[in-house]
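Below is one structure, written out as structure tokens; comments come after it.
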Amino acid sequence: MKASHLFYPTLREVPSEAEIVSHKLLLRAGFIRKTSAGVYSYLPLARRVLRKIETIVREEMDKAGGQEVLMPIIQPRELWEKSGRWSVYGDEMFRLQDRHKRDFALGPTHEEIITTLVNAEVHSYRQLPLMLYQIQNKYRDEIRPRFGLMRGREFIMKDLYSFDEDDAGLSIAYQKMYAAYCNIYDRLNLKYRVVEADSGAIGGNESHEFMVLAESGECTVLYCDRCDYAANVEKAECYTPADVAPAEDLKPREKIHTPGLRTIQDLVVSLGIPENRQVKTLMYWADGELAAVVMRGDRDVNEIKLKNALKCNQLFMADENMVRQQCGAGFGSLGPVQLGARVYMDQEVARMANFSCGANQDDYHFINVNPGRDFVPDGVFDLRNAVAGDLCPVCGGTLAALRGIEVGHIFKLGTKYSDALEATYRNAAGEEKPMVMGCYGIGISRTMAAAVEQNNDSDGIIWPLPIAPYQIIIIPVNAKKADQMQAAEDIYRQLSSEGWEVILDDRDERAGVKFKDADLIGIPSKITIGPKALQENQVEVKKRWEGGSRFIPIEGISAKVREIIGPQLSTTK
RNA sequence: CGGGGUGUGGCGCAGUUUGGUAGCGCGUCUGGUUUGGGACCAGAAAGUCGCAGGUUCGAAUCCUGUCACCCCGACCA
């Protein structure tokens, strides 16, 4: 491709809307343009990258036994009523009406469609197992779209759905997908980790997330330094050794006057009580009932764990006025001792002794409170977020934390959707059984952003070779010099004919401009044709991902290029 | 939805407090000089100041309403 014809409008300045590096660079390098909040156009360079990611994903899905389909984006309300998700999905679903005022949704996901399809066509165990997948746009009216492609309202996603006779079949499918996903991220050349995850609203039991590691990641990943335990912070268990008892004598409880002191920090500052000797009490509204969560002062509540522990459907922070009515004190003065609500205690608190907490009376706190003696909780669970430094729940090693971008997520769904949508089959014994399902997603457009997030420098993007929009860019230093252009054309034709994807920057720009653009758009290797080297029939080859360059003779350039850049990749458009 | 902020040539911004009919840098176009890391000189084009109403002799500027976008939070691939 000649740069003079390539549509890649680069920007010198960063559009003010961009916050994170992938968003800034994809805009600046002419890969994407925004149409509306969370909705983007993909320009030619981006299209090529997306296609390469898709190709790798497709190859691995096919290899694992998947078959590609294409399904409607516009989906009728009835389908979503059947699964019960028309109301559950709420405002996050884009909804529209046709001319007859019939309701439709823009598909946020395709469980309903695919299950209905399979239900209609699959009736016998002889037709199972079955793995179908699609790569297409999905729509979620996010509360707050942000970070460019990272959290869009329209995004490209691969979803594969597996249908099996039983749990054993599902496990096989799940393992195949797990392996396929590892292959995919290996082939994409991205640094990632697989973590245990909560399966959330989609349902099911076992679930793993694939996290591309990057500073700007929205997820916190905890992993063990000794074994291969790794989990999303939402899921990571906090391991509390059972044998550790409080190592101090219990002191008598005292009520102290603490005018105006409301926060953990207030008590640290005014009374010198460290955060980890305090307990905080947070009030939740769980399925219409007030629930207090009691936790060490420096910890954060994990609402997913809480929701799972209480087995409730709806959970949100309680309103202060309501709490005051029922408990007699405001948020900053609550404690588990004789509280007018059910008390759920984080397991860590059981190991604490002589801590301080609110006295359920404004401007008063207790000190030297002890669980068991001063109050008995209605339940003790693991309710806090794990943090770096915690003990590994598997081997007792130490957990460390990393930031990650969730680019893939695999679930065992079980029979949740097949029950709701009556996707059944006849087994060998002639019995009617629900199919056992799994679903496996990869954010394609998000993966592109994640790749940039992980691979960039102050000059721009550094595409991993397997997904680079082009692999080589040829830059004649001066487009007006016929000998340079001639050499550039020759090399361009030769490398292109050998299957390399090459840009020839034939624009009549100064060398600096061409170098800057080449670096910005992140082409992995650059061949510069300058006057001095050309006299000796040489050109300069430079890799985007490392400093330094080398001069090589034009004669026999293909072999040299292969040697320097790497073997020609099989990935096709 | 709550809190904060911004809308002014393609991009980044100033001007708004104190009303007088729009300016800077980058980019674009023309000509010339340049040519190994975002050149220089000369000239030019391009803006209903987000939109609608109002106040005023006069509104980018004041008032009312409205829309869009960004950031923080609750939610999520």
Side-chain angles (χ1 to χ4, degrees), chain A residues 9-20 23-24 27-28 30 33-39 88-93 108-110 137-159 197-202 207-212 217-219 232 234 284 301 303-304 307 314-317 404-411 439-447 449-450 458-460 475-481 484 505 507-520 526 528-534 539-540 542 549 551:
Chain A
T10 57
L11 303 171
R12 287 196 184 190
E13 284 167 297
V14 189
S16 57
E17 69 193 48
E19 188 73 8
I20 62 168
H23 191 193
K24 287 178 182 169
L27 282 169
R28 279 194 61 206
R33 286 294 183 262
K34 184 174 70 180
T35 297
S36 147
V39 181
V88 173
Y89 236 101
D91 292 335
E92 206 175 298
M93 194 150 68
T109 175
H110 283 71
N137 279 353
K138 307 232 171 178
Y139 297 83
R140 291 185 198 170
D141 194 359
E142 290 286 345
I143 296 172
R144 186 149 90 84
R146 61 181 132 176
F147 299 148
L149 298 187
M150 228 37 113
R151 179 168 303 283
R153 296 196 294 172
E154 176 180 81
F155 53 97
I156 304 170
M157 179 116 172
K158 185 281 308 182
D159 258 321
D198 187 87
S199 42
I202 298 185
S207 172
H208 286 89
E209 286 169 342
F210 288 72
M211 298 280 192
V212 166
E218 289 187 271
C219 306
N232 188 323
E234 291 173 357
Y284 282 88
V301 174
E303 293 192 3
I304 290 169
K307 208 167 170 177
Q314 281 200 317
L315 182 78
F316 43 89
M317 298 289 288
I405 299 163
E406 182 185 351
V407 289
H409 201 160
I410 58 179
F411 298 88
C439 87
Y440 316 86
I442 285 183
I444 302 284
S445 42
R446 180 183 277 187
T447 295
S458 58
D459 290 318
I475 300 180
V477 164
N478 188 336
K480 287 211 174 86
K481 297 282 193 243
Q484 288 179 31
D505 197 341
R507 296 174 303 167
D508 184 16
E509 291 284 355
R510 296 173 66 88
V513 172
K514 294 192 268 196
F515 290 141
K516 287 288 184 192
D517 272 344
D519 288 348
L520 181 59
K526 191 161 55 195
T528 306
I529 295 158
K532 276 179 241 116
L534 190 58
V539 294
E540 181 186 10
K542 199 167 185 177
S549 63
F551 288 89

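Every chain is numbered from 1 and lettered A, B, ... according to where its sequence line falls, protein lines coming before strand lines. Only this structure's heavy atoms are used, side chains among them; waters, hydrogens and symmetry mates stay out.
Between A:Leu534 and A:Lys481, the closest side-chain pair of non-hydrogen atoms is not below 4.5 Å.
Across all strands shown, the partner of B:G43 is B:C29, judged by Watson-Crick or G-U wobble contacts whose two distances both fall under 3.5 Å. Across the strands present, B:G2 finds its partner in B:C72; the criterion is a Watson-Crick or G-U wobble pair with both atom distances under 3.5 angstrom. In this structure, B:C57 forms a base pair with B:G20, meeting either the Watson-Crick or the G-U wobble geometry with both donor-acceptor distances under 3.5 Å. Base pairing annotation: B:A14 forms no Watson-Crick or G-U wobble pair, as no partner gives both donor-acceptor distances under 3.5 Å.
If you check every strand for non-hydrogen atoms under 4.0 Å, A:Lys526 touches a base. A:Gly530 comes within contact range of at least one nucleobase, with a heavy-atom separation under 4.0 Å. Nucleic acid contact class of A:Gly512 (heavy atoms, under 4.0 Å, all strands): sugar-phosphate only.
Smallest separation of non-hydrogen atoms from A:Met157 and A:Gly441: CE-CA, 3.9 Å.
The separation between A:Glu234 atom CD and B:C76 atom P is 8 Å, rounded to whole Å. Between A:Ile20 atom CD1 and B:C72 atom P there is a gap of 10 Å when expressed in whole angstrom units. Distance A:Lys514 NZ to B:A39 P: 12 Å, rounded to the nearest Å. When the P atom of B:G38 is taken as reference, atom CG of A:Asp505 falls 15 Å away, rounded to whole Å.
Side-chain atoms of A:Arg153 come within 3.5 Å of backbone atoms of A:Ala37 as a donor-acceptor pair (strictly under, hydrogens ignored).
Of the listed residues (A:Asp505, A:Val477, A:Val539), just one forms a side chain to side chain contact (heavy atoms under 4.5 Å, CB included) with A:Thr528, and that residue is A:Val477.
Distances were taken from every side-chain heavy atom of A:Lys516 (C-beta onward) to each of B:C11, B:C71, B:G37; the shortest belongs to B:G37. The side chain of A:Val477 lies closest to B:U35, out of B:U35, B:G37, B:A39.
Side-chain N/O atoms of A:Lys34 include none lying less than 4.0 angstrom from OP1 or OP2 on B:A68. The shortest distance between the side-chain N/O atoms of A:Ser16 and the OP1/OP2 oxygens of B:U6 is not below 4.0 Å. Regarding contacts with the backbone of B:C72, a side-chain N or O of A:Arg144 is found under 4.0 angstrom from either OP1 or OP2.
The side chain to side chain donor-acceptor pair (under 3.5 Å) check on A:Glu303 picks up A:Tyr284, with sequence neighbours excluded.
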Query raised in the report: Taking protein heavy atoms under 4.0 Å as touching, what does nucleotides 26-33 of chain B look like 5' to 3' if B marks base contact, S marks sugar-phosphate-only contact and - marks none?
Result: SS------
